[in-house]
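I have a structure here, written as structure tokens, and I will follow up with some questions on it.
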Amino acid sequence: MTVAARLHQDITPDGSDYETVRRVIEMITQDYRSQPTLDRLAADLGQSPSQLQKVFTRWAGLSPKAFLQAVTLDHAKRLLGTEGLPLLDASFEVGYSGPGRLHDLFVTHEAMSPGVWKARGEGLTIRYGYHPSPFGLALIMITDRGLAGLAFDDPSLGKDAFEDMASRWPKARYVEDAAATAPYAARVFDPARWQADEPLNVVLIGSDFQIRVWQALMQIPLARACTYSDLARKIGQPTASRAVGAAVGRNPISFVVPCHRALGKSGDLTGYHWGLTRKRAMLGWEVGQGQA
DNA sequence: AGCAACAAATATC
DNA sequence: GATATTTGTTGCT
């Protein structure tokens, strides 16, 4: 099966795969100490073990067991007491194979002038559309310069993706145009199309400081992680880690600007705007792509 | 005033 | 002793 065909299956319109995966992750992370078996997870979900195995591997490219190890990395890292070690190095210590040599999603970015940001998006026309993704229903926003926003709709979060995004640039004009955003959805979530010869154009709209943080984030390779203080050092303000945290959290283009790769210094997955479970899911998924 | 932080100190098991 | 919780400091919005 081609990657494209596989991806098409991954992103069932009703998002049922992600829903299953999300619940598994929640169960796993609730008591990772007990290392729940596949049989038990399946029983709790009311599915047959083989069915669960199939859905899970299709989605993550990893068996649930391997995935369990991946999302337990924060725990592993804490146990190892390693400092500033990239995520996968830590996983290597717990008997996990190393990262693949996959290229990361190749993007070119340009920063919107601070003026546009200060004007709260005035004069900007933003087209948007909803598309299924491996992480649930995604809301994509574009300007004529490129991708400007990526959010996730998640009823369990009790927040509306569109409201959330629109409040960032309240004065922009919003036009629904799913046909225009569809190609972006296809590109962003298909690792087979992450190639340098056809870079994805993204537009960063934010304050000066935020944009520097987001640019630093985009330099973190797939399935790797770094800490907030690492980022602070990287942008030349080693004491500004707290401000970095705030800026990371404000990132409008989640997943593409990999805010999910920022961890607390101890390896804790501190917070995530679109839900901690989704952050774990992304990290695990990336590890899976690295294996593929 | 408010944060998706950090480190050191103190309290708790 | 190892972990939880608290407290002071931090830089940018």
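Computation of the quantities below employed the complete heavy-atom set of this structure, encompassing side-chain atoms and omitting hydrogens, waters and symmetry-equivalent molecules. Proteins get letters first, then strands, A, B, ... in listed order; numbering begins at 1 in each.
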With a cut-off of less than 4.0 Å, is there a side-chain N or O of A:Gln237 near OP1 or OP2 of C:dC12? yes
Contact under 4.0 Å: A:Thr239 side-chain N or O vs C:dT10 OP1/OP2: no
Taking every heavy atom of A:Arg120 against every heavy atom of A:Arg168, the minimum-distance pair comes out as NH2-O, 4.0 Å
Exercise: identify the closest heavy-atom pair between A:Ala148 and A:Ile205: CB-CD1, 4.4 Å
Can you run through DNA chain B from 5' to 3' and write each base as (, ), [, ], | or . depending on how it pairs? Watson-Crick or G-U wobble, both distances under 3.5 Å. |||.|||||||||
In this structure, how many angstroms lie between the C1' atom of C:dG11 and the CD atom of A:Gln210, rounded?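 Going from CD in A:Gln210 over to C1' in C:dG11 covers 13 Å.
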Not counting sequence neighbours, which residues clear salt bridge (Lys or Arg N to Asp or Glu O under 4.0 Å) with A:Arg127? List them please. A:Asp177
Donor + acceptor pair across side chains of A:Tyr228, A:Thr270 (<3.5 Å):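 Yes, a side-chain donor-acceptor pair sits under 3.5 Å.
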Using whole Å, report how far CG of A:Leu231 lies from P of C:dG11. 17 Å
Specify the separation, in whole Å, of atom OH of A:Tyr272 and atom C1' of B:dA4.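 It works out to 11 Å between those atoms.
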Write down the distance between CZ (A:Arg280) and P (B:dA4), rounded to a whole number of angstrom. 16 Å
Out of C:dG11, C:dT13, B:dA4, whichever nucleotide has its closest atom nearest the side chain of A:Val248: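 Selected nucleotide: B:dA4.
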Of the non-hydrogen atoms in A:Val116 and A:Met112, which two are nearest, and what is the gap between them?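 What the structure gives for the nearest pair is CG2-SD, 4.1 Å.
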Looking only at heavy atoms, which two atoms of A:Ala232 and A:Ala240 are closest? And how far apart? CB-C, 4.0 Å
Using whole Å, report how far NZ of A:Lys118 lies from C1' of C:dT13. 12 Å
For atom NZ of A:Lys234 and atom P of C:dG11, their distance in whole Å: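 Distance, rounded to whole Å: 22 Å.
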A:Arg250 has an atom CZ; how far is it from atom P of C:dC12, in whole Å? 15 Å
Do side-chain atoms of A:Trp169 reach the backbone of A:Glu122 as a donor and acceptor pair under 3.5 angstrom? no
Step through it carefully: locate the ring centre of A:Phe135, locate the ring centre of A:Trp274, and say whether they are under 6.0 Å apart.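 A:Phe135 vs A:Trp274: aromatic centres not under 6.0 Å.
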Run the side-chain contact (heavy atoms from CB on, under 4.5 Å) test on A:Leu217 and A:His260 for me, step by step, so that the C-alpha distance in whole Å, both residues' side-chain angles and the decisive distance to 0.1 Å come before the verdict. CA-CA 9 Å; A:Leu217 266 176; A:His260 54 282; over 6 Å; no
Specify the separation, in whole Å, of atom CH2 of A:Trp117 and atom P of C:dC12. 13 Å
5' to 3', nucleotides 6-13 of chain B under a 4.0 Å protein heavy-atom cut-off (B base, S sugar-phosphate only, - none) gives SS------
